[in-house]
Amino acid sequence: MNFTLTEEQEMIKQAARDFAHSELLPGVIERDETQQFPSEQVKKMGELGFMGMMVDPEYGGSGLDTLSYVLTMEELSKIDASSSVIMSVNNSLVCWGVETFGSKQQKEKYLKKLASGEIIGAFCLSEPEAGSDATSQKTTAIDKGDHYVLNGTKNWITNGNSASVYLVIAQTNIEKGYKGINALIIEKGMPGFEIGPKENKLGIRGSDTHSLIFNDVIVPKENRIGDDGFGFKFAMKTLAGGRIGIAAQALGIAAGAYELAKKYSKERRAFGKEIANHQAIAFKLADMHTQIQAARLLVYKAATDKDMGNDYDLSGAMAKLYASQVAMETTVEAVQIFGGNGFVKEYHVERMMRDAKITQIYEGTSEIQKMVISRSILKN
Ligand code: CAA
């Protein structure tokens, strides 16, 4: 397998790196502290084509491959994982879902605006009692002929208030189990659709996470994605790709913390020399570098599988499982290398440590990834 980047991929990676340093780094500490959504930054990400990277240019996207997308996710996540999750949900879950399974009319109406970053989207599967166990949807979409009536509550929704378009998974026919679930496109402002309070989170505090409440929301049938009962498979297929984006986010958080720790260890002196020259620190850096490189290969492999039309359920789950574990371990080690300074906000690594944790939880916990992996390896 050849992971040598093309000239275009190198340019995209560099453009993402430059953008992250010039536009995301300023104010990242304050946005984390005050839970401020990066509106200006997201607008610029749209202008650069980062909000619909894999979408066909016919629908306002950049028409790039998944590898270019993960390179961009990695670079942005090195600096600001809050901004990168906003981008990831919009690209992997919302744009990809609508482009792959939406009708021509849905693509014309929603995808063009989503892919250009004019508006952003949210993906609404989780519920108070259906996080990992996604088939247990309590939100109902009752079929009333030419429309559905939507009722229920969704939890922990990324882009919860900032989105304009929401892909909502709901149960239409309980007797059919997961085959009775549908995916509906909901617009902000539809009567009966309320946005709940913002969650006060440990990490990725710049992104806005809310619960959503649906009270007799009338949803036209033309807003259903795919055939009746396709909603659960829609969610699973979409999440399989989303996991590659989150794996790239985790990789970026780990790599960002490692880069800072390495630089710091060559500047900070103790016991008469730079701390990098103490084996206790040098060995930590060696482990971090090795683990990050292994995670990177898994992430690139999953992205390449998707680009080549191969199955990517297994490689995406492995990439997410491992990269998120590396993100957690690496950021903890980075804080350790920084010592007392690591515990202080201005050195960034404590934020990265807090941000890393969510990569082991959203778009399927580590335990869910192990379920997907073990089922895949045991089925033959
Ligand atoms: N692609 C296509 N079909 C799939 C699929 C996939 N990746 N995964 C499952 N399916 C199909 C199965 O084939 C099966 O269909 P058939 O009977 O026709 O074969 C059907 O879906 C049911 O599958 P399972 O029996 O495997 O279902 P399960 O109840 O055992 O659950 C699971 C499987 C993998 C645990 C799933 O529930 C899951 O992924 N849970 C985690 C959900 C999740 O990731 N939540 C995160 C919320 S989104 C988020 O975090 C976004 C954000 O804001 C950042």
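What you see below is based on every heavy atom in this structure, not just the backbone, and it leaves out hydrogens, waters and symmetry mates. All ligand and atom numbering here is 1-based and tracks the order in the structure.
- Atom 47 (C) of ligand 1 has Ser126 OG, 3.2 Å as its closest protein atom, hydrogens excluded (heavy atom only).
- Each of the following atoms of ligand 1 lies closer than 4.0 Å to a heavy atom of Val89: 54 (C).
- Remark: the backbone N or O of Ser103 is paired with a side-chain donor or acceptor of Gln106 at under 3.5 angstrom.
- Tyr69 and Phe50 have their aromatic ring centers separated by at least 6.0 angstrom.
- Test Glu199, Lys201, Gln35, Lys198 against Thr209 for side chain to side chain donor-acceptor pair (under 3.5 Å) and you get one pass: Lys201.
- Proximity of Ile157 to ligand 1, defined as any heavy-atom pair under 4.0 Å, is not found for any part of the residue.
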Hey, mind stepping through Glu127 and Thr153 against side-chain contact (heavy atoms from CB on, under 4.5 Å) and telling me if it holds?
CA-CA 6 Å; Glu127 297 187 355; Thr153 301; over 6 Å; no

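- Contact annotation for Arg243 and ligand 1: only side-chain heavy atoms (C-beta onward) come within less than 4.0 Å of the ligand.
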Chi angles and distances behind the side-chain hydrogen bond (donor to acceptor under 3.5 Å, both in side chains) call for Lys154, Gln137:
CA-CA 10 Å; Lys154 293 289 175 183; Gln137 296 289 304; 2.4 Å; yes

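- The single protein non-hydrogen atom nearest to atom 2 (C) of ligand 1 is Lys237 CG, 3.6 Å, given as residue, atom name and distance.
- Here Lys78 pairs with Glu259 in a salt bridge; the nearest charged N to carboxylate O distance falls below 4.0 Å.
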Run the numbers on Asn155 and Ser126 for side-chain hydrogen bond (donor to acceptor under 3.5 Å, both in side chains), then give the verdict.
CA-CA 6 Å; Asn155 267 31; Ser126 302; over 6 Å; no

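- Within the cation-pi definition used here (under 6.0 Å to the ring centroid, within 45° of the axis), Lys179 does not qualify as a partner of Phe232.
- Closest protein heavy atom to atom 16 (P) of ligand 1: Tyr178 OH, 3.1 Å.
- For atom 50 (O) of ligand 1, the closest non-hydrogen atom on the protein side is Glu363 N, 2.9 Å.
- Heavy-atom contacts of Thr158 reach the following atoms of ligand 1: 52 (C), 53 (O), 54 (C) (cutoff under 4.0 Å).
- Nearest protein heavy-atom contact of atom 34 (C) of ligand 1 is Val372 CG2, 3.9 Å.
- With respect to atom 23 (O) of ligand 1, the closest heavy atom belonging to the protein is Phe232 CE2, 3.9 Å.
- With a 4.0 Å heavy-atom cut-off, ligand 1 is reached by the backbone of Ser132 but not by any atom from C-beta on.
- Contact annotation: for Lys233 versus ligand 1, heavy atoms closer than 4.0 Å belong to the side chain alone.
- By the criterion of a heavy-atom distance under 4.0 Å, the side chain of Asp313, and not its backbone, is placed next to ligand 1.
- The closest side-chain donor-acceptor pair between Ser68 and Glu8, if any, does not fall under 3.5 angstrom.
- There is no protein heavy atom less than 4.0 angstrom from atom 12 (C) of ligand 1.
- Using a 4.0 angstrom heavy-atom cutoff, Thr135 counts as in contact with ligand 1.
- Between Tyr258 and His289, the ring planes are tilted. Angles from 30° to 60° get that label.
- Near Leu239, the atoms of ligand 1 lying under 4.0 angstrom from a non-hydrogen atom of the residue are 43 (C), 44 (O), 48 (S).
- Atom 5 (C) of ligand 1 has its closest protein heavy atom at Met236 CB, 3.4 Å.
- Centroid-to-centroid, the aromatic rings of Phe193 and Tyr166 come within less than 6.0 Å.
- Considering each of Met371, Arg375, Gln369, the one bringing a non-hydrogen atom nearest atom 28 (P) of ligand 1 is Arg375.
- The ligand atoms of ligand 1 that sit less than 4.0 angstrom from a heavy atom of Ala134 are 37 (O).
- When hydrogens are left out, the protein atom nearest atom 45 (N) of ligand 1 is Gly131 O, 3.6 Å; that is the closest non-hydrogen contact.
- Under a 3.5 Å cut-off, the side chain of Asp65 and the backbone N or O of Asp307 do not form any donor-acceptor pair.
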